[in-house]
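What follows is one structure encoded as structure tokens, with my remarks underneath.
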Amino acid sequence: MDAAPHPPRFTFRRADRLTHAREFQAVYKAGVRKVRGPLIVFALPNGLPRARLGLSVGRRVGNAVARNRVKRLVRDAFRLERHALPPGYDLVVSVRPHEPVGLAEHRAHFSAAWRALDKEWRRREQRRGGGDAPIDPTTDASGGASGGTSGGTP
RNA sequence: CGGCGCGGGCAGGCGGCCGCCGCCGGGAUCAACACCCGUCGGAGGAAAGUCCGAACACGACAGGACACGGUGGUGGGCAACACCCACCCGCUCGCCGGGUCGCGAGCGAGGGACAGUGCCACAGAAAGCAAACCGCCGAUGGCCCUCUUCGGGGGGCACAGGCAAGGGUGAAAGGGUGCGGUAAGAGCGCACCGCCCGGCUGGCGACAGCCGGGGCACGGUAAACCCCACCGCGUGCAAGGUCACGCAGUCCCCGCGCGAUCCGUCGCGGCGCCCGGUCCGGGCGAAAGGGGGCGGGUAGACCGCUGGAGCGCGUCGGCAACGGCGCGUCGAGAGAAAUGGCCGCCCAGCCGGGCCCCGGAGCGAUCCGGACCCGGUGGACAGAAUUCGGCUUACAGCCCGCGUCCGACC
RNA sequence: UGGGGAUUAGUGUAACGGUAGCACGACUGAUUCUGGUUCAGUUAGUCUAGGUUCAAAUCCUAGAUCCCCAG
């Protein structure tokens, strides 16, 4: 539970991923997104000391090899940039069809989008709560998830 | 050497750093499948398309018949197949300008059209049963004219009748070519070719060869319905199983009769319900339940999940596909879904330049090819999803092996 | 992953195995001062490649593309 001790590690394992449809739905439902290059990045505060990533790459991007490559590049971008960027968000990256690009370009686009999303959420929190508790993402995330499934239809 | 064809193999390599998944071992922790450390392993020849065949699971012990679907030369291989191998037959091409044989390559869903039905547009007289539009003939019979030695002869008509050669239509018109024959013709006769029937020989067989007979009746289409033979139950790992969490019910249908009775039941007949598309058949039922519709809830974890018709080598059998035996060997198991990213060097290949050298052409200037050096560029198609066997489709290039590169006769 | 369906002119759709039609559109001309309407005419197609058949949009095989469904 203690944030990255001394050496920041550039890992990315299962706990750092979004693994269920309800988590994806919660992030989509929050409706906060930024577009940079071929990436459409959604974000939602998750109440955890780290960021988590989910990927959505449609068939239109290319065949299975091309889609796998894009996902690996975006994962590497997340892995290498996560310590330099604000934690505590669930991020979903949707990829639009595009010409193949390298890792450096993905890192630049991803971190730019991430910073813009952090800025957007801070602005929202200030407008709503004023000097209230800055973020209470635990209830926010869980409430959003359960609210999204049960109270979404009406 | 090169071109073409066939078969087999590879699918860039090495190093550093940052990462991902799994097995095993160790550590930390109250404990752990979570965390940390370490060893080892981690995409393909097509993993693809999902076109066939199986394994496996459930449904009812998956059994019989029908329906439906599939397959279709023969023999073999295989767990099985629509796959593979060998052979047969047919067609096309090459060796040659033509023919025959032979060799080579390619293609073929290649059983049955006297079991039945359908269809064959347009054109054409006629499209399947024989017929006759233009036409040919008119020997024989008829009519007319004429000659006559009174026996008959000659000419005409195309009425009866004979014919299917030629024309024409068509994809296809009831064997083909030639000779004889005839009034004209026709397998009417003959020769060769084709076809049909029978026999013998060879072959496991498809079939082939030879001999004899028959003048010949048999159109096409079954990737039209169909017939025959053989095969096939349905659904699919999101199959299916275990655990956890969670919810709300409601509506409809069925739930028999007789007899015996020691009142526990038993027998008989039917009935009802359920079970594959239907039937046979099977199971359940007697106040205990069974089935269906609508609605509601959960969609988390684990097992299935990778050692198998497995792979490699040797040897034996077989033309081969493949099989027997022996030895060795373990090569991914993810789950919003791993097997990657960056950097450096090197190697094929491609582009540009240089030029001492080598080979070829030319009288020659020079040109072409190769080797060498420098710079640039720099890998195709494509990503396991229950697992195998095939098929099909995509693919930069490289390596190895084999075959072939002017057949005989007229 | 599994299952089902479709593909005909620029678009939407017809067609027992026998000449590919129809509507809207586009283009040209006429009518009009111009445009529209109307009239006449033209254009252009069976997803691709093989096979069966005398003959294929249709039958068969393989491939391509698109859509839908289950979960």
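Residue numbers begin at 1 in each chain, while the letters A, B, ... track the order of the sequences. What you see is a predicted model; the values in this text were computed from it and never measured.
- Using a 90° window around 0 for the glycosidic torsion, B:G180 falls outside it and is classed as anti.
- Nearest nucleotide to the A:Arg79 side chain, out of B:A337, B:G383, B:G340: B:G340.
- The same atom, P, is picked in C:U61 and in B:G326; the two are 47 Å apart, to the nearest Å.
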For the pair A:Val93 and A:Ile40, evaluate side chain to side chain contact (heavy atoms under 4.5 Å, CB included) and give the outcome as yes or no after the intermediate values.
-> CA-CA 6 Å; A:Val93 177; A:Ile40 305 171; over 6 Å; no
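- Considering only side-chain atoms of A:Asn63, the nucleotide from B:G341, B:A382, B:A336 that sits closest is B:A382.
- For A:Arg75, the listed nucleotide lying nearest its side chain is B:A338; candidates were B:A338, B:G341, B:A382.
- The gap from the P atom of C:A70 to that of B:A239 amounts to 16 Å, rounded to the nearest Å.
- Residues A:Trp114 and A:Leu91 form a side-chain contact, since some pair of their non-hydrogen atoms from C-beta on lies under 4.5 Å apart.
- Closest to the side chain of A:Asp76, from the set B:G383, B:A337, B:G340, is B:G340.
- Among the nucleotides B:G341, B:A337, B:A384, the one closest to any side-chain atom of A:Arg69 is B:G341.
- Only one option out of A:Val61, A:Val101, A:Val65 pairs with A:Val70 in a side-chain contact (heavy atoms from CB on, under 4.5 Å); it is A:Val61.
- Taking syn as a glycosidic angle within 90° of 0, B:G151 qualifies as syn.
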Contact string for nucleotides 66-71 of chain C, one letter per nucleotide 5' to 3', B = base within protein heavy-atom range under 4.0 Å, S = sugar-phosphate only, - = neither, reads ------
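- Base orientation of B:G331: syn, the glycosidic angle falling within 90° of 0.
- The separation of B:A301 from B:A286, taken at their C1' atoms, amounts to 45 Å, rounded to a whole angstrom.
- When the nucleotides B:A43, B:C21, B:C342 are ranked by their closest atom to the side chain of A:Arg72, B:A43 comes out on top.
- Across all strands shown, A:Arg67 has no heavy atoms under 4.0 Å from either base or sugar-phosphate atoms.
- Remark: the separation of the C1' atoms in B:U315 and B:A309 is 23 Å, to the nearest Å.
- To the nearest 0.5 Å, atom CG of residue A:Leu44 and atom CZ of residue A:Phe24 are 13.0 Å apart.
- Among the nucleotides B:G341, B:A338, B:G383, the one closest to the side chain of A:Leu103 is B:G341.
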Output a table of nitrogen or oxygen pairs between the protein and nucleotides 298-302 of chain B separated by less than 3.5 Å.
none

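- Side-chain proximity of A:Thr19 to B:C20, B:A336, B:G383: nearest is B:A336.
- Between the side chains of A:Tyr89 and A:Asn46, not a single donor N or O lies within less than 3.5 Å of an accepting N or O.
- If you take atom P in B:C1 and the same atom in B:G108, they sit 36 Å apart, rounded to whole Å.
- The backbone N or O of A:Ala104 sits nowhere less than 3.5 Å from a side-chain atom of A:His106 that would complete a donor-acceptor pair.
- Listed nucleotides B:C18, B:A336, B:G383 differ in distance to A:Phe24; the shortest reach to its side chain belongs to B:A336.
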